[in-house]
2 protein chains.
Amino acid sequence: MQRMASPLPPSHQPAGSAAGNAAPVFSPLYQQIKALITRGLQSGEWKPGEIIPSEAELAVRFGVSQGTVRKAIDELAAENLLIRRQGRGTFVSTHHEEQVKFRFLRLVPDGEPGQTLRMERQFLACHRIRATADVARTLGIKPGDMVLEIRRILRMGGEPVVYEDIYLQSASFRGLTAERLERYQGPLYALFESEFGTRMVRAEEKIRAVNAGEQEAELLKVPAGQALLSVERLSFSYGDQPVELRRGLYSTAHHYYRNALS
Amino acid sequence: MQRMASPLPPSHQPAGSAAGNAAPVFSPLYQQIKALITRGLQSGEWKPGEIIPSEAELAVRFGVSQGTVRKAIDELAAENLLIRRQGRGTFVSTHHEEQVKFRFLRLVPDGEPGQTLRMERQFLACHRIRATADVARTLGIKPGDMVLEIRRILRMGGEPVVYEDIYLQSASFRGLTAERLERYQGPLYALFESEFGTRMVRAEEKIRAVNAGEQEAELLKVPAGQALLSVERLSFSYGDQPVELRRGLYSTAHHYYRNALS
DNA sequence: CAGTGGTCTAGACCACTCC
DNA sequence: GAGTGGTCTAGACCACTGG
């Protein structure tokens, strides 16, 4: 493999000897390896939770040194796409892990330390509708295309805390029904990843404070006008493709949204 | 330098030959280097904005290979303590940089793209008071110890957007006066770092939605009861020492709090 | 025990910055 | 051109996991 822009012939090329003619732009070898591994993840060659080939094996396959593969994997691990486990191997990240849950669930109960927060879910709706203009734009589809809308309430310790509207590209989630949602225990993202091959990798949120309307107040058992956290989340899968839009209202009477700036 | 727990004799020790007797716990060499560099930052040997010695020089000084120094610096750069600049050197991070501002300023105007947001500040108070119990506990000082309290309003485009109460350990900020605050242009954190040797490295925030009280509503020019974002931020300096507590109210009528989950 | 990732070294050359 | 960080290689040994 040689230093180059985008295509990736499998020929080996020692670091020193540059190709005779000047090529336009070069990207480092380990970046190319990174892209190749990402492609393997995206294509489903290695599924969430599965092990990927060892560093040595990948080094042989790609015709580079183990150190170069290592640097590629290091970055993918830093981006939470892979997880290294010493003595065992490198695995594809999955939402089926206790540890990962708090990456996307930021609401914390007020009572300081590690409370075991048992959470109940109640699904209010799960149906297919035509995307409104703004939902379509955000998800990168055409206005009028079908989207799957899920409405739900989350309760922590019996108290309603989150009211959420979730929009998914209908095409990617064929067969997702209210009954399927009810039956599944665990995070939605785990269900999406296991049953529909869509893994959420990162997300962007826009957070505001809003006054509760009549309906919302009733659902969350708060007085009308109560200040609520409005969280609009756009989630991306491999390759920065937007696949889910959430509009949530959080009751922060007994919980707060935890954030780390670093 | 050899693989060991905490103290760091400057003797060189090739990787293979372990010290004869089993020692209790070993930390990797690059972690020890990392700690040494951090100590240099903390002690002020290298100040924000300044350059630190080259990798080669540090390798000689610490008696390790350049690769080991590199790995230590890599991690410190990932933690935003250092910044690498190819061809120039490695520098201590500083708040005197356009690029860094958005790491701690999360409020974004609604009008989508890169608007130039000119921001005005108005200081309402800057005085020394005795710490209340909860402020003292959060800052890790004794109740009744003196703290510096700063109250201010931030306006973006003339519109009041943030009302903030800031608490600092009085001892670390001797000589900080209202007049000094008024005179200084730029982020507070830049002032703290230049004039008082305290650099904010990371922070934790607790975010809630609250209804505006009479006073707050008047200050932010919103109706009483208006939903506001309540942001409590605890900032840490080198060595995870808490040094600043902020309690802010954000008006999110025309701005939102941007967050990235990754 | 074999196999994995984790650490460390030594040395090469490249890309960039500044004088 | 000298000096910096950035990439890449090859090889060694360590620490951990599992059969």
Side-chain angles (χ1 to χ4, degrees), chain A residues 1-5 8 11-20 22-35 37 50-60 62-78 82-92, chain B residues 1-5 8 11-20 22-35 37 50-60 62-78 82-92:
Chain A
M1 174 169 292
Q2 60 187 359
R3 239 171 126 73
M4 59 185 318
L8 299 159
S11 65
H12 186 306
Q13 176 98 8
S17 55
V25 181
F26 288 97
S27 89
L29 261 184
Y30 76 89
Q31 292 282 8
Q32 303 176 42
I33 305 297
K34 205 178 145 184
I37 297 176
E50 290 179 2
I51 194 173
I52 72 170
S54 72
E55 295 179 355
E57 191 179 331
L58 289 174
V60 171
F62 296 139
V64 300
S65 82
Q66 181 171 343
T68 301
V69 171
R70 166 159 280 273
K71 179 146 188 179
I73 293 181
D74 275 344
E75 293 206 350
L76 291 170
L82 297 176
I83 297 183
R84 325 191 67 140
R85 299 191 202 279
Q86 181 172 108
R88 302 220 274 141
T90 302
F91 298 78
V92 184
Chain B
M1 173 171 292
Q2 60 186 0
R3 239 170 125 74
M4 58 184 321
L8 300 158
S11 64
H12 186 307
Q13 177 99 7
S17 55
V25 181
F26 288 97
S27 88
L29 262 185
Y30 77 88
Q31 292 281 9
Q32 303 176 41
I33 305 297
K34 205 177 143 184
I37 297 177
E50 291 180 0
I51 194 172
I52 72 169
S54 73
E55 295 179 354
E57 191 178 331
L58 289 173
V60 171
F62 296 139
V64 300
S65 82
Q66 181 171 342
T68 302
V69 171
R70 166 159 279 272
K71 178 145 188 178
I73 293 180
D74 275 344
E75 293 208 350
L76 291 170
L82 297 176
I83 297 183
R84 325 191 67 139
R85 299 191 202 278
Q86 182 173 105
R88 301 221 273 141
T90 301
F91 299 78
V92 184

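Just so it is clear: chains get the letters A, B, ... in the order the sequence lines come, proteins before strands, and each one is counted from 1. Atom set for the values below is all heavy atoms of this structure, side chains included, hydrogens, waters and symmetry mates excluded. Note that the structure is predicted; figures quoted are calculated from it, not measured.
- Nucleotide D:dT7 holds its P atom 12 Å from the CD atom of A:Gln32, rounded to whole Å.
- In this structure, NZ of B:Lys34 is placed 15 Å from C1' of C:dT7, rounded to the nearest angstrom.
- The interatomic distance linking B:Glu75 (CD) with D:dG5 (P) rounds to 18 Å, in whole Å.
- Within 4.0 Å (heavy atoms only), B:Arg85 reaches sugar-phosphate atoms of the nucleic acid but no base atom.
- Judged purely by atom type and a 3.5 angstrom limit, B:Glu50 has no side-chain atom pairing as donor or acceptor with the backbone of B:Phe91.
- In this structure, OG in A:Ser65 is found 11.0 Å from CZ in A:Arg70, a value given to the nearest 0.5 Å.
- Between A:Lys71 and D:dC8 there is no side-chain polar atom (N or O) within less than 4.0 angstrom of OP1 or OP2.
- Considering only the side chain of A:Thr68, D:dT9 comes nearest among D:dT9, D:dG5, C:dG6.
- The distance between atom OH of B:Tyr30 and atom P of C:dT9, rounded to the nearest whole Å, is 13 Å.
- Residues A:Gln31 and B:Ala56 both approach DNA chain D. Their nearest nucleotides, taken by heavy-atom distance, put B:Ala56 toward the 5′ side.
- A distance of 10.5 Å separates OH of A:Tyr30 from CG of A:Asp74, quoted to the nearest 0.5 Å.
- To the nearest 0.5 angstrom, B:Ile51 atom CD1 is 8.0 Å from B:Arg88 atom CZ.
- The nearest whole Å value for the distance from the CD1 atom in A:Ile37 to the P atom in C:dG5 is 11 Å.
- If you check C:dC8, D:dT7, C:dG6 against the side chain of A:Arg70, the one that comes closest is C:dG6.
- Listed nucleotides: D:dT9, D:dG5, C:dA10. Nearest to the side chain of B:Thr90: D:dG5.
- Out of C:dC8, D:dT9, C:dT9, the shortest distance to the side chain of A:Leu29 is found at D:dT9.
- Within the structure, a side-chain polar atom (N or O) of A:Ser54 is placed less than 4.0 Å from OP1 or OP2 of C:dT4.
- Between B:Glu75 and B:Gln31 there is a side-chain heavy-atom pair separated by less than 4.5 Å.
- Not counting sequence neighbours, the partners of A:Arg85 by the salt bridge (charged side-chain N to carboxylate O under 4.0 Å, His left out) test are A:Glu97.
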Interface polar pairs with nucleotides 17-19 of chain D, N/O, under 3.5 angstrom:
none

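- Distance check: B:Ser27 OG to B:Lys34 NZ gives 10.5 Å after rounding to the nearest 0.5 Å.
- Counting to the nearest Å, the C1' atom of D:dT9 and the CG atom of A:Leu58 are 17 Å from each other.
- In this structure, A:Ser65 does not reach the D:dC8 phosphate: none of its side-chain N or O atoms is under 4.0 Å from OP1 or OP2.
- The interatomic distance linking B:Ile83 (CD1) with D:dG6 (C1') rounds to 17 Å, in whole Å.
- If you take CD1 of A:Ile33 and P of D:dT7, they are 14 Å apart, rounded to a whole angstrom.
- Nearest-nucleotide positions on DNA chain D for B:Asp74 and A:Gln66 put B:Asp74 closer to the 5' end.
- Qualifying side-chain contact (heavy atoms from CB on, under 4.5 Å) partners for B:Ile73, counting only residues two or more places apart in sequence or in other chains: B:Ile37, B:Ile52, B:Glu55, B:Leu58, B:Val69, B:Leu82, B:Arg84, B:Thr90.
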